[in-house]
Amino acid sequence: GENVEQHPSTLSVQEGDSAVIKCTYSDSASNYFPWYKQELGKRPQLIIDIRSNVGEKKDQRIAVTLNKTAKHFSLHITETQPEDSAVYFCAAVYTGTASKLTFGTGTRLQVTL
Amino acid sequence: DVKVTQSSRYLVKRTGEKVFLECVQDMDHENMFWYRQDPGLGLRLIYFSYDVKMKEKGDIPEGYSVSREKKERFSLILESASTNQTSMYLCASSLWELGTGELFFGEGSRLTVL
């Protein structure tokens, strides 16, 4: 089955700096890669996703890049703000029959003033 | 706005008790999921269901069962709770199969087994 590794497990940045979270996956057939954000005490929510037919996707201050050859994808947050502090989860799945979404182990991002 | 509601936010049970965790969604989604969240281990899939009365095992189904008698309701059952089942349990629903589109999560049920 799919295995997703996520690094780092914790990340502290100063407000205004950029943050990068990296994930690698094992199944070369995986073709959908979402990112979820979970604020303290809240439910995880989808913030951005990318499919394997594109290499990069942006949404305001967040972007995701995908390198299919190396089997890794990354979340980039620019101009970080205190409200970006949360746990971020990457995930991967092959969107075929009987496939399951596999999550990474999470990255706790702390944005300090 | 999709709403996924888990009936209990906090539960404390004793070893050997039977535990029911209830989840209801209001968006007519076909697909529902139960995840377990533990620090350092991420979100792990316990069971999922893509239709009423249908269920499929996820990655860690041992010690759990599920029930889906109605489309909007998906229950997780611990037949005989054990201390290693102390965890946060998250229910989710999705319009898409097997989490290939957005998953809408409930707020979680934190279970402590003594």
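Below, chains carry the letters A, B, ... as their sequence lines are ordered, and counting in each starts from 1. We use all heavy atoms of the structure for the numbers below, so side chains are in, but hydrogens, waters and symmetry mates are not.
The interface of residues 102-113 of chain A with chain B, defined by heavy-atom distances below 4.5 Å, comprises Phe103(A), Gly104(A), Thr105(A). At a heavy-atom cut-off of under 4.5 Å, chain A is reached by Leu90(B) from residues 72-90 of chain B, listed in order of number. Heavy-atom proximity under 4.5 angstrom to chain B picks out nothing from residues 67-75 of chain A.
By the rule that hydrophobic residues join a cluster once side-chain heavy atoms approach within less than 4.5 Å of another member, Val24(B) and Val19(B) end up as members of separate clusters. Residues Val93(A) and Phe33(B) are members of one and the same hydrophobic cluster, defined by side-chain heavy-atom contacts under 4.5 angstrom among Ile, Leu, Val, Met, Phe, Trp and Tyr. A chain of hydrophobic side-chain contacts below 4.5 Å, direct or via other Ile, Leu, Val, Met, Phe, Trp or Tyr residues, connects Ile21(A) to Phe33(A). With hydrophobic clusters built from ILVMFWY side chains whose heavy atoms lie under 4.5 angstrom apart, Ile50(A) shares a cluster with Ile47(A). Under a hydrophobic clustering in which Ile, Leu, Val, Met, Phe, Trp and Tyr are joined whenever their side-chain heavy atoms come within less than 4.5 Å, directly or via other members, Leu111(B) and Ile46(B) fall into the same cluster.
More than 12 heavy atoms of other shown residues, nucleotides or ligands fall within 6.0 angstrom of atom CZ in Arg9(B). With a 6.0 Å radius and a threshold of 12 heavy atoms from other residues, nucleotides or ligands, Leu114(B) has its CG atom above the threshold. Around CZ of Arg110(B), the count of heavy atoms belonging to other residues, nucleotides or ligands within 6.0 Å does not exceed 12. Summarising the local packing, NZ of Lys22(A) is surrounded by 12 or fewer heavy atoms from other residues, nucleotides or ligands at distances under 6.0 Å. Heavy-atom contacts from other residues, nucleotides or ligands closer than 6.0 Å to CD of Glu83(A) number more than 12. Residue Glu15(A) places its CD atom among more than 12 non-hydrogen atoms of other residues, nucleotides or ligands, all under 6.0 Å distant.
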Intermediate values then yes/no, side-chain contact (heavy atoms from CB on, under 4.5 Å), Tyr36(A) and Leu103(B): CA-CA 9 Å; Tyr36(A) 285 81; Leu103(B) 286 175; 3.3 Å; yes
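Distance CG/Leu101(A) to OH/Tyr35(B): 5.0 Å, rounded to 0.5 Å.
Phe89(A) approaches Gln37(B) most closely through the heavy-atom pair CZ-NE2, 3.4 Å.
Counting heavy-atom pairs closer than 4.5 Å to chain A, the top-ranked of the candidates Asp59(B), Leu43(B), Leu41(B), Leu45(B) is Leu43(B).
Looking at Gln38(A), only its side chain comes within 4.5 Å of chain B, counting heavy atoms on both sides.
Within the structure, the side chain to side chain donor-acceptor pair (under 3.5 Å) test picks out the following pairs touching residues 84-93 of chain A (sequence neighbours left out): Arg61(A)-Asp84(A).
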